Each structure stands twice: as C-alpha cells, then as structure tokens.
2 protein chains.
Amino acid sequence: MKRKITLKHIARELGVSISTVSKALKNSEEIGSDTKEKVQAFAKLYNYKPNNIAISLKNKRTKNIGVIIPDIVHHFFTTVFRGIEKYANAKGYNVIVCVSDESFDKEVINMELLANGSIDGFIMALSSGTQLKNDYNHLKEVTEQGIPLVLFDRVAEDIKCDKVIINDKKGAYNAVNKFIKDGRKKIALITSEDYISVSRERAAGYKEALLDNGIAYDEDLVLKFPSMEINEKLIEDFFERETVDAVLSVNEIFAIHSMRYVQSKGLKIPKDISFIGFTDGLLSKYASPGLTAIAQHGEEMGEIAAEILIDKIENDMEEETYVTRVLEPTLIERGSTVN
Amino acid sequence: MKRKITLKHIARELGVSISTVSKALKNSEEIGSDTKEKVQAFAKLYNYKPNNIAISLKNKRTKNIGVIIPDIVHHFFTTVFRGIEKYANAKGYNVIVCVSDESFDKEVINMELLANGSIDGFIMALSSGTQLKNDYNHLKEVTEQGIPLVLFDRVAEDIKCDKVIINDKKGAYNAVNKFIKDGRKKIALITSEDYISVSRERAAGYKEALLDNGIAYDEDLVLKFPSMEINEKLIEDFFERETVDAVLSVNEIFAIHSMRYVQSKGLKIPKDISFIGFTDGLLSKYASPGLTAIAQHGEEMGEIAAEILIDKIENDMEEETYVTRVLEPTLIERGSTVN
DNA sequence: AAAAACAACTAAAACGTTTTCGTAAATTAT
DNA sequence: ATAATTTACGAAAACGTTTTAGTTGTTTTT
C-alpha cells in the first residue's frame, strides 16, 4: 500500500525544509530554479497531491457546499441538484448532500453537523416538517454565524437569505387561463395542505385566475391531500362527487392518478376533461395522453442558486443584502389539453 | 455575526489551558469536577461545537463517504443513493456526491479530487465512458492508497474491490421464461451496446433462457442502441421490420417508447404483445398498461454497499478479501403481461 | 519527616498546509 | 574593503483539535 506522500516526506527526502518544498511547488520566485526543478520532479514522480483537509483548516475554506433536500428520489429535486452540482463543480466545489426526509428534526441535525466546518455554505429546500412547524431557528443560527444560505423552491417569507423560486402563482394562473380559453367551465384543483409554500402559491394563482375571469371560486372543487402521499380513495370520492371538465394538479402523481381514474370511468382526455400538472417530470412526458405540464426549470434553478451562493462565499462583503430570483414557469403542452 | 467559538477562546476566557478545556468537555477523570462544570457550562452557553475539519485532520478520518454516479436524475441511482445516505447517516457519516455524467474524464477528476483527504471511502457505479474505455487505473490508484471502494451495479470484473450487484442475467432469464410460459414465441430484446456491463449480463440471460427452452437465438430480434439515449427512429424501424409478441427491455425508457409505438400501430398490450422492462421505476408503475418490471432493489443495494464500505473503513484489517454481494431481482407483474 | 502516591492541571507535539519573518551567503555597489 | 542589496532558503506560527508526557502542589504512607 502506497501511503499518501506529504510535504514533510518530500522535504526530508530532499534535505530541504518544508517551506521550501511548499514554495517550490507553487513556483515561488523565492526558490532557486534548480531546487524548484528537483522538488517538482520528485513531487511528480511520487504523485504528490496536497491534502484537502489541511488546506481547509488553514484557509477556513472547505470548497464544499451543503445541499439539504427533503427527498432525493424526486425528479424535481434531482434536477435542481444537477444544476447545483454542475455549477459548483465547474467552480471547484464539491457537494455534500443530506436528505431531510421531510422531517424537521433531521433537517436540524444535518444542518448543525455540516455547519461545524464541513461546508462553506448551504443550498436547501425546506422540509414539509419545517414548514409545518414554522420554526426557522436552525437557519437563523447558521446565517448568524456568517454561513451563506440560499433557499430554493420551498422557502419561507421570514428567513433573511437569498432565494430562488419559480412564480408558482403565475404558473397556476396561466394554467387556469388556458383551461378557460379552451372553454372549460368547472376547473378543479388538486393540492396539498397550505403549509407547503408552493401549494399555497399555486392555490392562490388558481383562485385569482378564476376570479379574474368572472368564475366563482368553489371550495368543493378543491381536493386537498393532507400530505404529499397519494390516497386513491380521496381521488375516487372526489370524482364521484364532482363533475369537472378540467383539473389542475400541484404535482404529477396526483394528476396521473386522477387521469387514470377518470379514464377508467370512461372519460376521454382531453375531450371530456383536461389536465395540467405542475413539475414537468418523466411521468408527464410518458403518460398517455402526455400530461400538459408547468415546467419549473429545476436545473436552471439549481445553477442560479449555486451561482448566488458561491458568489456570497467568495466575496463575503458584510452588507446584508439578499436577492430573491423568481423564475418564470413555462407551460409544456401535451395531449392532456386541447390545442 | 457570532463567530464560531473554539477551545482556545474558552481556555482564554476561563483562564485555563486548551488541554484542560478539551478534557473537561470529554468528561475526563483528569479534570476536577468544578473545573469541568465551569467549562461545560461555558461551552453550552456559547454553543461550542468542535470543528469537524480540525478533527478530521487530527484523526485522519473525515466521516465522509464519496459517492460517484453517472447521473443523478435517474430513478435507479437515486434509489441506491437513498439507501447509501440512510445507512451512512445512521452511522454518522456524510455523503459527498459527484456526478460523472457518464464521462471517464469527469470520473477520474472527481475521484482524484475527493481522494486527497476529503473522504474515507468510495461507493460508485462506473460511467459508461469508463466501461467503454476499460481503463480502471484511477480505481486502482485509490485502492492502492488504502482507500476502500465499493462498486455497485455497473462493475468490472478485473477491479479488486467489494461489489454489490443484482443478478441481471437471472432477471432477464426469468423474464424470458415468463414470456415463454405465457406462450410467446417471438421474443425481442431491446438493449444498449455490450460495453455496459449490466446490458451484457441481461443479454446473456435473454439468450440462455431462449436456448434452454429450445428457441433459437435470432440476432434480428435484438435491437441495440448505441448509447442510453433514446432514438425513436430505431424503434420505428425495428417494429416495422420485425413482428414479435414479446419484448424485454433493459430499461424503462426503451420499453415505454416501444409500447407507445406499437399501441399507435393498433396493437393491444398484452393481448398481441407483452412487455417487461428492467428497473422498476416510476414509469413502469404509471404507464398504461403498467409495465411488468424487474425490480433491482436499489435502496437495499445502497444500504448494503454503505454497510460494506463503513465496515471496511472502521475495521481496516490489512487482509485483502473482497466480497461480491449478488441481490436477486424480483419480477413485478403489471398489465403489460398476462397473468 | 522523608518518600511515595495522587489529583489537577499544562506544555507541547502532532495532523498537513501556508505564510510571515528571519538569516546566512552571495552579489553588487561604493 | 566595507556596506548595501539580493538570492535562496529555513524557522516558526497559525488553523483547531487530541493526546502524551510532564509538572506542580497536596495528600497519604511508613
């Protein structure tokens, strides 16, 4: 087993001091050219690579960024992650991922763990547990220590930090407008409880679009799931109870299940009923018919978040100015709506 | 901004030495109980948390594990990742992810970067670039440095390390057997080029099952994609050319596209033609009809990989004994096959 | 009362770097 | 020949820990 070689080894072997080796490898002007050559040749021969940990300790910079997301097996989050990873890597940063599993406690634990020197900054989407509890002290503590934080997608108003979100409200608004333009009259919304920030925004857009078009908001046409978990029974009950000609869903899963159910009841999509779902993921693309979707541009979101974060890390001017970047959603039309 | 407090600060503030503080916080017997109390109270008050980087440098242990996967926006890999993360986190480890993007070069770069002290061990699936190039020197170098490595799913015979795979051959074998049991005669295989280890194995299982059942292997019934990228044209050509009554696909995407194409041609699934696809992901579950799938148990695979790795990290006996854990695939029957 | 034992603490090295400040020898200037 | 400058290098501190090996001063033993 070849152990990793250090500056000290090189110094001892070549009969020079550690400082000389360090400087020689950095091509410092201070060192004579023959010594430099000797050291560099030796280092190359033994494949010397500086120890990241030692460097981190020295500069108090780890070149790691911490990403905390509620779930990794989730198309949107992985898409964002890809954007983060892409940008970060290009800038020489590595990414440490922790999964909060939608739990407040795990989010706190992971964050505290990473905050003790392991990372230079955080990018995260709040867990539903955290949004439900509405407790952001762990975030406050981190930012108070001067660790930059960028929130994406699932954010909270009262946290002072940079944010990257999409205009969820507008996405919903546009979707409902499209339904109305297509002549739909009874437009349902399938969503989760309001404590999820994005669901709240989407619900607001849905409502506003209805009202702006002179359609009354009818609470009976809104199906609210208590969590992000699917519950077939609620879907069946809803469609047995209500007769609608368009459905806006805050996620793909709810939409796909609903489509299947109404299809099993003999309804034709999009003739009898149209569907639009948030998050343009694999399911939307491969459903039959394809699900018209509101794309959230996850990769771009990730890149922007990483860009903002790394900028903060590398130029940490003390001024506390925070930006919120709002991305515009895009409607991807597929077979589940008429065109 | 509250800066992070260190042992030195506490020591200075309390008029004791750094060693005393360190020991007091570890409840050492060496320290008097009043001093201990004083130190602990102070540490608690100022929320002292030891610096991970300093500890890493000291014990030459980072409590980080490096995961390198070809793609993060990929259901199977994220499932494995979830298993890794779950187990690692429970053992107090963090996970640094790098995405090789199916590229040999990126794999090498990421690996070298992490190997310089950032991690205690690697878990990875080979990029297709690496499998194509068949060059594993970067892996060899890492293991020679005594860094444990566990390969999963995409492995290579001649790398000496621990491995976790599923029995891909058997998965394909069982699928083809099921087709034959259902009376299918012309069974197609949709796959990628053989340099991807899992595709090779699956193709072997396909062939073996045919031969064992007295059916000749017909190369014309095998559609090989040059990469993992989908190419609609190849699918169309294939199904125009060949008439088959069953299709085994090495992944979901190929299967779903094929299903859609034959459906558009008026064929009924599973009456006229059956489908089975590898990787039981979201698409299989939500396709119509649902795609019968060979489940790869990703999460379990991840957990096992992490378990093996962490065991190696924590008890690094010098003996070079490597295990290969082979998980059994499971056939998840859905509407794309008769039952 | 001297020796031994013990309690409670500290100094210093170590992990692997980087960087500041010295310093000796060699060179140049006077 | 002496002073000033430059060249080429090394010592040591620093980052924040942990740990070994002292070092006090007090208590126990004989």
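As a basis for the values below, the full set of heavy atoms in this structure was taken, side chains included, without hydrogen atoms, waters or symmetry mates. Not measured: the values here are computed from a predicted model. Proteins come first, then strands; the chains are lettered A, B, ... in the order of their sequence lines, and each starts at number 1.
Closest-nucleotide positions on DNA chain C for A/E30 and B/K58 were compared, and the one nearer the 5' end corresponds to B/K58. In this structure, B/V16 and A/P50 both approach DNA chain C, and ranking their closest nucleotides by distance from the 5' end singles out B/V16.
Phosphate contact (OP1/OP2 of D/dT18, side-chain N/O of B/S22, threshold under 4.0 Å): present. Remark: B/K60 is in phosphate contact with C/dG16, judged by side-chain N or O atoms under 4.0 Å from OP1 or OP2. Between B/T6 and D/dC15 there is no side-chain N or O to OP1 or OP2 distance below 4.0 Å. Between A/S17 and D/dG10 there is a side-chain polar atom (N or O) within less than 4.0 angstrom of OP1 or OP2.
If you take CD1 of A/I18 and C1' of D/dC9, they are 14 Å apart, rounded to a whole angstrom. The nearest whole Å value for the distance from the CG atom in B/L25 to the P atom in D/dT17 is 9 Å. Following rounding to the nearest Å, B/I53 (CD1) and D/dG16 (C1') show an atom-to-atom distance of 11 Å. For A/K36 and D/dT7, the NZ to P distance is 12 Å, given to the nearest whole Å. Atom NZ in A/K4 sits about 17 Å away from atom P in C/dC15, given to the nearest Å. With rounding to whole Å, B/D34 atom CG is found 12 Å from C/dC9 atom C1'. Rounded to a whole Å, the CD1 atom of A/I5 is 15 Å from the P atom of C/dC15. Straight-line distance from the CD atom of B/E37 to the P atom of C/dC9: 12 Å, rounded to whole Å.
For A/K8, taking side-chain heavy atoms from C-beta onward, the closest of the listed nucleotides C/dC15, C/dT17, D/dC9 is C/dC15. The side chain of A/S19 approaches D/dA12 more closely than any other nucleotide in the set D/dA12, C/dT17, D/dG16.
Ring to ring, B/F77 and B/F81 are not that close: their centroids are 6.0 angstrom or more apart. In this structure, the ring of A/Y46 has its center no less than 6.0 angstrom from the ring center of A/H9.
The 12-atom threshold is exceeded at NZ of A/K49, counting heavy atoms of other residues, nucleotides or ligands nearer than 6.0 Å.
In this structure the side chain of B/V155 never reaches within 4.5 angstrom of the side chain of B/V198, judged on heavy atoms.
Judged by distance alone with a 3.5 Å cut-off, no donor-acceptor contact links the side chain of A/K26 to the base of C/dT19. Within 3.5 Å, a donor on the side chain of A/K23 pairs with an acceptor on the base of D/dG10, or the reverse.
Looking at B/N64, B/I65, B/I123 one by one, the single match for side chain to side chain contact (heavy atoms under 4.5 Å, CB included) with B/V95 turns out to be B/I65.
No engagement by B/S56 is indicated, since no non-hydrogen atom pair under 4.0 Å with the nucleic acid exists.
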